[in-house]
Engineer: 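Before I ask anything, here is the structure I am working with.
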Number of protein chains: 2
Amino acid sequence: MKRQATRRLDYEKELRRRGVRITRPRRIILGILSETEDHPDALEIFRRAVAIDSSISLSTVYRTMKLLGDMGAIHRHAFEGGPSRFEHASGDHHDHLIDIESGDVIEFKSDRIEQLQNEIAHALGYDIVHHRLELYGRKRGTG
Amino acid sequence: MKRQATRRLDYEKELRRRGVRITRPRRIILGILSETEDHPDALEIFRRAVAIDSSISLSTVYRTMKLLGDMGAIHRHAFEGGPSRFEHASGDHHDHLIDIESGDVIEFKSDRIEQLQNEIAHALGYDIVHHRLELYGRKRGTG
DNA sequence: CTATTCTTTGCAACTGACTGTCATCTGGCG
DNA sequence: CGCCAGATGACAGTCAGTTGCAAAGAATAG
């Protein structure tokens, strides 16, 4: 449970190392990102940020998400039919199963699939730069 | 090469069956969709349609793509960082490898991956409604 | 073939999700 | 503290797509 505080400090250290200033809005957004285990969108992050400091603007949230995304500190996911949703980039790679009823996101990982993807790309003469694998499903016995 | 004309007629028959009127703009768009083997976006379809009948509007293209998509006659793909691109829904399911340099789309199919996806979703208590698997890559020996 | 009906169209205004501009503000060093 | 490049809030602009509406045009009836 101390993981979160550590993660925020890691973010700040990394930002400093890159000559990025740690401002009040950024510290608040970093705090929100490091505490959440879900996949909030920009508006949701904005709402949570405003609850802490009402002067924060939505532009700053978007700018900060872009900055952190470019740095590789967070991942942006453009799931179907909605705004981008974010998660911190710590931990290793995984893909997502999206509950089409609730919007909940479940993370999973399959080395077999990754391996098959590489084989396929290779056979087609390509190197994979990145990929997107999303399963959209419904809880069994719920419809 | 007669496949395309047949496909357009199939589209029209299906539309009629659903009580949808076959208008001039729709016939033109259907013709474009049945002739192309690539994955054009709405604007590209619009450009091709205007070359045939300059009075067609972009709204009608969007509306027709939505109609055909809802009917399941075409598939809409929202690849990263660009507008939706479309392809006719004939033939069987496949996934896509996108050349990040040229935007070219290569179709591929892997029963092994599909099977693994189902196993994963099942293990998590879900039934897959649909999925999205996109590989973004670069041609080997090109960079 | 014409009248009637109800869908579809083109246009323009609108929306959601960002991105860019700019005057003002501020973090961090000196 | 004082400075000042980089960051911020406010808001205009963009991009892809959607929607409201009056006019046009399919399909059907007569």
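Note on naming: letters A, B, ... go to the chains in the order of the sequence lines (proteins, then strands), and numbering restarts at 1 for each one.
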Engineer: Measure the distance from CZ on A:Arg18 to P on D:dA7 and round it to the nearest whole Å.
Structural biologist: 13 Å
Engineer: Quick one: closest heavy-atom pair of A:Arg18 and A:Met71, and the distance?
Structural biologist: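 So the minimum-distance heavy-atom pair works out to NH2-O, 3.3 Å.
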Engineer: Rounded to whole angstroms, how far apart are CD on A:Glu12 and P on C:dG27?
Structural biologist: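 Checked: the CD to P distance equals 13 Å.
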Engineer: Would you give a per-nucleotide map of nucleotides 23-30 of chain D, 5' to 3', where B means the base has a protein non-hydrogen atom under 4.0 Å away, S means only the sugar-phosphate does, and - means neither?
Structural biologist: --BBS---
Engineer: What's the verdict on side-chain contact (heavy atoms from CB on, under 4.5 Å) for B:Leu68 and B:Leu30, showing C-alpha distance, side-chain angles and the deciding distance?
Structural biologist: CA-CA 9 Å; B:Leu68 297 174; B:Leu30 257 23; 3.7 Å; yes
Engineer: Quick one, B:Ser34 and B:His88 - any side-chain contact, counting heavy atoms below 4.5 Å?
Structural biologist: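 No - every pair of side-chain heavy atoms lies 4.5 Å or more apart.
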Engineer: What is the separation between atom CG on A:Leu15 and atom P on C:dG27, rounded to the nearest whole Å?
Structural biologist: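 Going from CG in A:Leu15 over to P in C:dG27 covers 15 Å.
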Engineer: What side-chain donor-acceptor pairs closer than 3.5 Å can you find for residues 119-126 of chain B, not counting sequence neighbours?
Structural biologist:
from, atom 1, to, atom 2, distance (Å)
B:Glu119, OE2, B:Gln115, NE2, 3.2
B:Tyr126, OH, A:Asp99, OD2, 2.7

Engineer: Please give me every residue in residues 40-68 of chain A whose heavy atoms get under 4.0 Å of an atom in DNA chain D, ordered by residue number.
Structural biologist: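 Residues of residues 40-68 of chain A that come under 4.0 Å of DNA chain D are, in numerical order, A:Ser55, A:Ile56, A:Ser57, A:Ser59, A:Thr60, A:Arg63.
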Engineer: B:His131 vs B:His93 aromatic rings, parallel, tilted or perpendicular, using cut-offs 30° and 60°?
Structural biologist: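 Ring orientation, 0 to 90° scale: perpendicular.
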Engineer: Quick one: B:Glu80 CD to C:dA17 P, roughly how many Å, whole number?
Structural biologist: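 Nearest whole value for this atom pair: 18 Å.
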Engineer: Kindly state whether the ring of B:His96 and the ring of B:Phe79 have centres lying under 6.0 angstrom apart.
Structural biologist: yes
Engineer: A side-chain contact here means heavy atoms from C-beta on lying under 4.5 Å apart; do B:Glu134 and A:Leu133 qualify?
Structural biologist: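 With C-beta onward as the side chain, the pair stays apart.
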Engineer: How far apart are the closest heavy atoms of B:Ala89 and B:His75, and which atoms are they?
Structural biologist: CB-NE2, 3.6 Å
